[in-house]
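Worksheet for the structure shown next.
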Amino acid sequence: MKKITITIDVEQDCPPFLNTMHGIEKGLPRLMELFMNTEIKTTFFTTGEVATLYPRLIEEIVENEHELGCHGYAHERFDRLNKQQARNAIFKAKKLLENFDSTVTSFRAPNLKFPHEYIEILQENDFKIDSSIAKYKPPFPLKTRIVGDIVRIPASVTSSFLRLPLSVILPILEHMHDPVLFVHPWEYVDMSQTAIRPDCKFNTGEKALENLAGLITYFKEKGYTFLTISEMAEYNR
Ligand SMILES: [Zn+2]
């Protein structure tokens, strides 16, 4: 079976450059509508902070049967926290998210930076999946690994890659085994006039949404099954 997973990192706009929430207010509803229209399920890695500020939107994610995952509390960089600070942030975020969904078992660290020795914190908090690693970042994990009872699933490509022309990205993704993609709600709002890195703002807004819709249509036509990250992990246990 050909499989693909789309995940969404639900956070403030383009951290650490901005602290606005246009993505949550405008981009997230656009994504929800796209996933509803295409009838696919995804995983929303959400910060505790967004869940506190926008509870109704998080309820909608769960009502639409998407998976709710954890993306830290305030999008903190875990490689800059000591173990106790990391433990506090993860515990607080997980508790908050479990007000919306009693089974939050998937985690992704902001910036895909999570010290290996902090995996035990995920185990303490009953997480089963960690997607804080990427195939394109050191140590370049090409495959899913199991550490204790945690399945570590690497992201396949960086999010800005998905805003390149479909003629460029689709053949590359098609050659990947079980691609795991991630996007952010703020990419679906026009960020071209904001003071952020060029790679963060090109083709944001309508163009990004068209691209993602085109990608979904393409892989559906090719017979791929769209899985949440938990479902994808089941194939790797
Ligand atoms: Zn993030």
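Just follow the structure's listing: the first ligand is 1, and inside any ligand the first atom is 1.
Residue contact annotation: H184 places no N/O/S atom under 2.8 Å from the Zn ion (ligand 1). For D9, every N, O or S atom stays at 2.8 Å or more from the Zn ion (ligand 1).
For the pair K41 and F35, the cation does not sit on the ring face, since its NZ or CZ is not both under 6.0 Å from the ring centre and inside 45° of the axis.
Defined by atom type and a distance below 3.5 Å, a donor-acceptor pair is missing between the side-chain atoms of H75 and Q12.
Within H71, the N/O/S atom positioned nearest the Zn ion (ligand 1) carries the name NE2. In E11, the N, O or S atom that comes nearest to the Zn ion (ligand 1) is OE1.
Atom CD of E33 has 12 or fewer neighbouring heavy atoms from other residues, nucleotides or ligands inside a 6.0 Å radius.
The aromatic rings of F114 and F107 sit tilted relative to each other, their planes meeting at an angle between 30° and 60°.
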